[in-house]
Amino acid sequence: MPYLMPNAAPTGEPVTLDEPVTDGVAYATRVDAAQMRAAIFAKLTYAVGKDPAGAKLHDWLRATSLAVRDHIVDRWIASVREAYITGRKRVYYLSLDFMIGRQLRDVSSNLLLDGVMREALIEAGVDYHAMAELEPDAALGNGGLGRLAACYMESMATLGIAAHGYGIRYDHGLFRQKIADGWQTELPEDWLAFGNPWEFERREVAYEIGFGGTVDASEAWDGAVRHTWRPAERVLAIAYDTPIVGWRGARVNTLRLWRARAADPMQLETFNRGDHIGAVADRTRAESISRVLYPSDSTQAGQELRLRQEFFFTAASLQDLVRRHVQQFGDIRSLPDKAAIQLNDTHPAIAVAELMRILLDVHALGWEEAWSITRGTINYTNHTLLPEALEMWPVSLMERLLPRHMQIIYAINAKLIAEARKRPDCNDSMLAAISLIDEWHGRGVRMGNLAFVGSHKVNGVSALHSGLMKKTVFRDLAALYPDRITNKTNGITPRRWLMQANPDLTRLVRETVGDAPLDDLEKLSLLAPHAKDAAFRERFMRVKHANKERLAALILDRLGVRVDPTALFDVHVKRIHEYKRQLLNILETIALYDAIRAQPSVDWVPRVKIFAGKAAPSYTTAKYIIKLVNDLARVVNSDPATRGLLKVVFLPNYNVSLAEVIIPAADLSEQISTAGMEASGTGNMKFALNGALTIGTLDGANIELKEHVGDDNIFIFGLTAEEVEATRRQGYNPGETVSRIPALSAAFESLYAGVYSPDDPSRHRGTVDALRNHDYFLVTADFAAYAEAQRKIAGLWRDPMEWARKAVLNTAHSGWFSSDRAIRQYSEEIWNVPTR
Ligand SMILES: *Cc1c(COP(=O)(O)O)cnc(C)c1O
């Protein structure tokens, strides 16, 4: 075997089930393995053009994907037709990020074709796992926000909602992370290199998107002033459609991603003059819009190209949905009854101004009517309170790039301010806070405020986060519009994060409580009584062990480090960010390492500390954190004193496919952000569902996780959001805290002395100094409580049956975190659309 597959072989059979429920579609998916094999061979011959005898694994992957895809298309067409026939309301989900991951297993499993597909490939002598491994992981997103969009698309199809996702078809998704000498390096990602069997190019669906230019005002026949935007530059948006298959093939919706194309392929005259580069300069400029995803997570990307991306995909999506509406219903004024637009964060917030422009300038509606349609249609999900992540575009840039939109934003602002002035409690600070224009930082447009005022509903993504939104960023706007903010705690799709990632656990669930949890994840609670059953706990932990063996094999293959699958797998995987506090974990690991060496005779719990995650390329501090993990790993893993007791690994290139292998193998889930800073988190939910215990702060959805799994089955530590606020307000002194904690002082000293970086002893001094003098994220303040929680966890690990009981209860009580639950709440409380 040449190398180990990350989606390493589940031990048993794939999940096989009854015939799918259909949306009234008279179409039987039922095929047997022989038929599937024949279909794959036909694709290999006639679509790929290869002789099965000489076909490479890539050819088999393409043929298999195309054969499976055929089972989607009739349902897809039927779903689209059904939406037209019934005239039902559609949901439009606008997101600059979609973290899709691999699709073959997702699609075949949701169509219940997984079993026959694998059988057919075995008969054909193809190694399914090696083949599946070749599928690129579609990473058109940065992290949690993009993965949420992908989970929500799948749940909307599952629940029978007529939904369209809209985003950008980036030529290159999130960079590939390579670790060179312990440092992160970024390589371009090339997911389209071998073509993409899941997408359908729609050359005929093309819209012109304008930038720059001027605005003309003229008097219309009725005396009203009409504005016409005359852009200086036009770019074409071309649609690429990917079908999104719901569970059991319930419904197939469309993810429509836009690619930028120049209106003219080249200037022939320039070319003929011999200027071959100049001839395609405009084209290069236009097409750079969909070239690459901005690798920024929880920070504002800032650059002009990013604003062009945002407007490009928002404007294309709005033109598309308005055209669809008018074509079907004939009257733009019924838009709010037939369409709900959801903005995933502020990246598409310009939709508020663009929809107003379409209604005012193209459909010639009056302001009040246009505003009521806009506000009746658009909704906004806020994902962060971090000031550095709140989007603000310079007024000068907006005026240059989007002159008409800037006029509209000023007009919205004037009306907003006038409205606020009518209130008895109105004052200057309130007006300054609600204004769409920030006057302090060199005049910028606050995209969050624009999205807020233009929306029917504004939601946060966990109970804590929605509460904090009302007290912080949107305090004054919430006072003005008290019913607007609502909470919708995030969720994850159990199809990918349980059934596909953990087929052995899925099988155990079905054998124990039947198939009910497959269609309603909250039925996992039927497992709870079995937590008392020793034989069941044994089986549960055997599944966990098999998953750990697979991860151990992957670690050996990727890093050459041997880890013991019976050790406690302590896992911290997510984007690298100071607020997520990988440093807290690292410092405690150093303290543990010191303690093991100081007292080798103590009966230590063997641990493997597993890290993974990407740092934004310009985020220097985060890159030093990655280097520090790798420096620490080198020292710890080669020290005979701790062999078998402590291992540290950093797995490169964290993405959805890697998460699918790591998460089912975790014993302990690290969710240790500074309280008040992680809006929700979704990693926390995936781990609990797969039977990991959580060590976490009272932050984001951890609070709700604690309520569901029970206080005794989660390890909560540290300052609360309120205490964090108070600690900062009082002027926190980290140096004083450090001096009181010997283990922490020692860790700082060894870092300072270069114990982990002998080749460059001063390398991590900056990190130490920042923590000692400032420590905005309160790593040192929570250190003692965190270390104490880790000791309790070690104590529990010594009682394997008690650990197993708690692990079972985590799985049993995580059903509420299904994205099906979240999407039902959006449907009922924001969109007003029915679900099945
Ligand atoms: C779930 C997921 C995330 C989000 O993780 P958090 O722990 O919530 O930050 C990020 N990246 C990938 C690949 C994921 O699957």
Side-chain angles (χ1 to χ4, degrees), residues 6-7 95 97-102 106 136-154 173-177 189 191 293 295-299 344-345 383-384 386 389 461-462 464-465 489-498 500-502 571-582 585 610-616 622 651-666 668-674 677-690 692 694-697 699-705 814 817-819 822:
N7 279 333
S95 180
D97 285 29
F98 283 95
M99 264 281 213
I100 300 164
R102 292 193 177 124
D106 188 53
D137 181 292
L140 307 183
N142 275 282
L145 177 150
R147 185 52 235 174
L148 185 78
C151 285
Y152 281 2
M153 286 305 299
E154 199 261 8
L174 187 60
F175 65 86
R176 215 152 43 79
Q177 179 193 57
E189 184 280 342
W191 70 302
L293 168 82
S296 61
D297 185 73
S298 297
T299 46
N344 195 26
D345 212 328
H383 282 275
T384 179
L386 301 177
V461 289
S462 72
L464 175 73
H465 167 67
T489 301
N490 283 168
I492 54 166
T493 171
R495 272 71 66 182
R496 186 175 288 263
W497 295 111
L498 178 62
Q500 292 156 35
N502 204 340
V571 182
H572 204 164
V573 294
K574 48 183 78 241
R575 285 297 285 256
I576 310 294
H577 207 295
E578 287 162 281
Y579 85 82
K580 291 179 183 275
R581 295 203 297 192
Q582 281 90 359
N585 188 349
I610 298 165
F611 293 87
K614 292 177 183 175
L651 281 166
N653 203 36
Y654 185 55
N655 60 13
V656 171
S657 300
L658 189 56
E660 287 168 8
V661 186
I662 295 177
I663 291 170
L668 185 64
S669 157
E670 298 267 358
Q671 308 299 336
I672 61 175
S673 50
T674 313
M677 311 212 74
E678 185 75 88
S680 163
T682 48
N684 45 5
M685 304 168 186
K686 301 169 196 166
F687 280 100
L689 180 60
N690 283 280
T694 301
I695 180 167
T697 45
D699 199 14
N702 293 354
I703 297 174
E704 288 148 273
L705 189 61
S814 309
F817 296 96
S818 168
S819 44

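All values below were derived from every heavy atom in this structure, side-chain atoms included, with hydrogens, water molecules and symmetry-related copies excluded. Counting convention: from 1, in listed order, for ligands and their atoms alike. The structure presented is a predicted model; accordingly, all values stated were derived computationally and were not measured. We count residues from 1, following the sequence as given.
- From the protein, the heavy atom lying nearest to atom 11 (N) of ligand 1 is Y654 CE2, 3.6 Å.
- Ligand 1 has a nitrogen or oxygen under 3.5 angstrom from a nitrogen or oxygen of K574.
- For ligand 1, the polar-atom distance check against K580 finds a nitrogen or oxygen pair separated by under 3.5 Å.
- The N655 neighbourhood of ligand 1 comprises atoms 13 (C), with distances under 4.0 Å to a heavy atom of that residue.
- Contact annotation: the side chain of Q671 approaches that of F687 to within less than 4.5 Å [non-hydrogen atoms, C-beta and beyond].
- Ranking protein heavy atoms by distance to atom 5 (O) of ligand 1, first place goes to G683 N, 3.8 Å.
- Within the 3.5 Å criterion, the main-chain N or O of I492 finds a donor-acceptor partner in the side chain of S819.
- Ion pairing between E154 and R495 holds under the 4.0 Å rule for side-chain N and carboxylate O.
- At a 3.5 angstrom cut-off on N or O pairs, T682 counts as close to ligand 1.
- Residue contacts with ligand 1 for W497 involve side-chain atoms from C-beta outward but no N, CA, C or O (heavy atoms, distance under 4.0 Å).
- Below 3.5 Å of separation, one finds no N or O of G143 facing any N or O of ligand 1.
- Remark: the backbone N or O of E678 is paired with a side-chain donor or acceptor of D699 at under 3.5 angstrom.
- Contact check for M677 versus L386: side-chain heavy atoms found under the 4.5 Å cut-off.
- For A149 against N344, the heavy-atom pair with the smallest separation is CB-ND2, 4.0 Å.
- In the vicinity of G681, heavy-atom distances shorter than 4.0 Å reach the ligand 1 atoms 8 (O).
- Under the 4.0 angstrom criterion for non-hydrogen atoms, K686 is in contact with ligand 1.
- Between N653 and the choices E189, R176, Q177, K614, the side chain to side chain donor-acceptor pair (under 3.5 Å) rule is met once, by K614.
- Closest to atom 4 (C) of ligand 1, if we only count protein heavy atoms, is G144 CA, 3.5 Å.
- Under the 4.5 Å side-chain criterion, counting only non-hydrogen atoms from C-beta, L148 is not in contact with M99.
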